[in-house]
Amino acid sequence: MKAKAIIFAVAFLFILKIQAQVTFVIDSLPEYTPAGEMLFIAGSFNGWDPGSPAYVLDKNEENKWAITLGQQEEGTEIQFKFTRGSWATVEKGSVGEEIGNRTFTFGNDSTVHCIIYNWADFGSGGESTAAENVSIMDENFEMPQLGRTRRIWVYLPPDYEESSKNYPVL
C-alpha cells in the first residue's frame, strides 16, 4: 500500500509542472511623470496591449508602483515594457533613447526592481530637444500589422515656409 502511495506521489509530481510568479516594482520614475496617471506593464503575456486594465500597476505598502503576474511554468520567458497607457507614453532610456524589450524568466518566486528613466512623450527629461522645424505629424499613427501605434515626427527644412523649392521626401 505504501509503495502505491509513493508511486502515485511521484507520478503526480511529473504531471504537475512547477509554477512560479513574479512581482515587478518600480523603484524610480522621472520627476516629471504626471501625477495621477496610471502605469501599465505590456508584453508578450498580454499581446503587447499598452493599456490593458488587467495589467495596471498599483501602489504597494512602500508607496511604489508594483504588479504581480500570475503563475507561469518555471522557465517561461516573457518580454515587457512599462507605459502610461499607450505606446506614445512608453518608457525610454536615460537620454530619451528607444530601449529594447525587458526580459524575465520565471523561476523561483521573484521580485524584480525596475527604474524608468524617461517617457516617450517627454523626450529626455520633460522638455523637447527637437529643433523648431520638427513637428509631430501624428501622436498615434496606427501600425495594424504590429498591433500598435507610434508618434510620427516631420522634419521640414529651415526655409520650407518661405521657399517654393520642391524637397525630396524620405
Side-chain angles (χ1 to χ4, degrees), residues 20-60 62-70 72 75-107 110-161 167-170:
Q21 67 181 22
V22 61
T23 299
F24 294 100
V25 176
I26 307 298
D27 286 328
S28 177
L29 288 171
E31 288 182 11
Y32 59 82
T33 301
E37 282 208 328
M38 295 188 294
L39 301 183
F40 297 84
I41 188 170
S44 54
F45 49 86
N46 75 341
W48 291 98
D49 183 346
S52 171
Y55 293 94
V56 65
L57 283 73
D58 293 309
K59 293 278 184 110
N60 66 14
E62 297 171 354
N63 204 33
K64 293 183 179 182
W65 292 99
I67 187 169
T68 299
L69 297 186
Q72 292 287 327
T76 300
E77 182 180 283
I78 60 170
Q79 295 184 358
F80 63 97
K81 287 189 176 187
F82 295 101
T83 77
R84 293 191 343 267
S86 76
W87 291 115
T89 60
V90 70
E91 64 177 313
K92 295 290 184 172
S94 61
V95 293
E97 77 276 15
E98 189 76 33
I99 59 173
N101 296 336
R102 297 175 185 250
T103 61
F104 174 78
T105 303
F106 285 85
S110 299
T111 299
V112 177
H113 294 270
C114 302
I115 295 174
I116 297 175
Y117 293 100
N118 282 300
W119 297 112
D121 57 333
F122 286 101
S124 61
E127 297 179 22
S128 175
T129 58
E132 290 181 19
N133 51 334
V134 175
S135 60
I136 297 173
M137 183 176 109
D138 193 334
E139 284 285 344
N140 294 301
F141 183 80
E142 189 166 347
M143 298 184 293
Q145 300 85 349
L146 301 176
R148 64 177 67 170
T149 61
R150 288 285 191 221
R151 178 183 297 165
I152 304 295
W153 289 271
V154 176
Y155 167 82
L156 300 174
D159 65 342
Y160 182 80
E161 295 295 328
Y167 290 94
V169 176
L170 174 64

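This is a predicted model, so every value here is computed, not measured. Just the heavy atoms: all of them, side chains too, but no hydrogens, waters or symmetry mates, feed the values below. Index from 1, following the sequence.
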Query raised in the report: Passes side chain to side chain contact (heavy atoms under 4.5 Å, CB included), R102 versus F82? Steps please.
Result: CA-CA 9 Å; R102 297 175 185 250; F82 295 101; 3.9 Å; yes
Report task. Would you sort out whether V90 and W119 count as a side chain to side chain contact (heavy atoms under 4.5 Å, CB included), showing the intermediate values? Result -> CA-CA 6 Å; V90 70; W119 297 112; over 6 Å; no
Query - Worked check of side chain to side chain contact (heavy atoms under 4.5 Å, CB included) between I78 and L69 - result: CA-CA 11 Å; I78 60 170; L69 297 186; 3.8 Å; yes
Requested in this report: For I41 and L57, run side chain to side chain contact (heavy atoms under 4.5 Å, CB included): C-alpha distance rounded to whole Å, both residues' side-chain angles, the deciding distance at 0.1 Å, then the answer.
Outcome: CA-CA 7 Å; I41 188 170; L57 283 73; 4.2 Å; yes
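For the atom pair CZ of R84 and CE of M38, the computed distance is 11.5 Å after rounding to the nearest 0.5 Å. Summarising the geometry, atom CD1 belonging to I99 is positioned 9.5 Å from atom CG belonging to N118; distances are rounded to the nearest 0.5 Å. Summarising the geometry, atom CZ belonging to F80 is positioned 13.5 Å from atom OH belonging to Y55; distances are rounded to the nearest 0.5 Å. Between the CD atom of E91 and the SG atom of C114 there is a distance of 7.5 Å, given to the nearest 0.5 Å. Here the CD1-OG distance, from I115 to S94, works out to 10.5 Å after rounding to the nearest 0.5 Å. Here Q79 contributes atom CD and T103 contributes atom OG1; the two are 7.0 Å apart, rounded to the nearest 0.5 Å.
One N or O on the side chain of E97 and one on the backbone of V95 form a donor-acceptor pair closer than 3.5 Å. At distances below 3.5 Å, at least one donor-acceptor pair connects side-chain atoms of T89 with backbone N or O atoms of S86. Under the 3.5 Å distance criterion, the side-chain polar atoms of D49 are left unmatched by any main-chain donor or acceptor of N46. Counting only distance, with no hydrogens or angles, the side chain of T83 and the backbone of P50 share a donor-acceptor pair below 3.5 Å.
A distance below 6.0 Å separates the ring centres of Y32 and F122.
Looking at W48 and N101, their side chains come closer than 4.5 Å, going by heavy atoms from C-beta outward. No side-chain heavy atom of V112 sits less than 4.5 Å from a side-chain heavy atom of T23.
Closest approach of W87 and A42 over heavy atoms only: CH2-CB, 4.0 Å.
Within 6.0 Å of OH on Y117 lie no more than 12 heavy atoms contributed by other residues, nucleotides or ligands.
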Identify every side-chain donor-acceptor pair in residues 24-31 under 3.5 Å, counting partners at least two apart or on other chains, and give the distances.
{"residue": "D27", "atom": "OD1", "partner": "K64", "partner atom": "NZ", "Å": "3.0"}
{"residue": "D27", "atom": "OD1", "partner": "H113", "partner atom": "ND1", "Å": "3.1"}
{"residue": "D27", "atom": "OD2", "partner": "H113", "partner atom": "ND1", "Å": "3.1"}

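Taking 4.0 Å as the cut-off between side-chain N and carboxylate O, K92 and E98 count as a salt-bridged pair.
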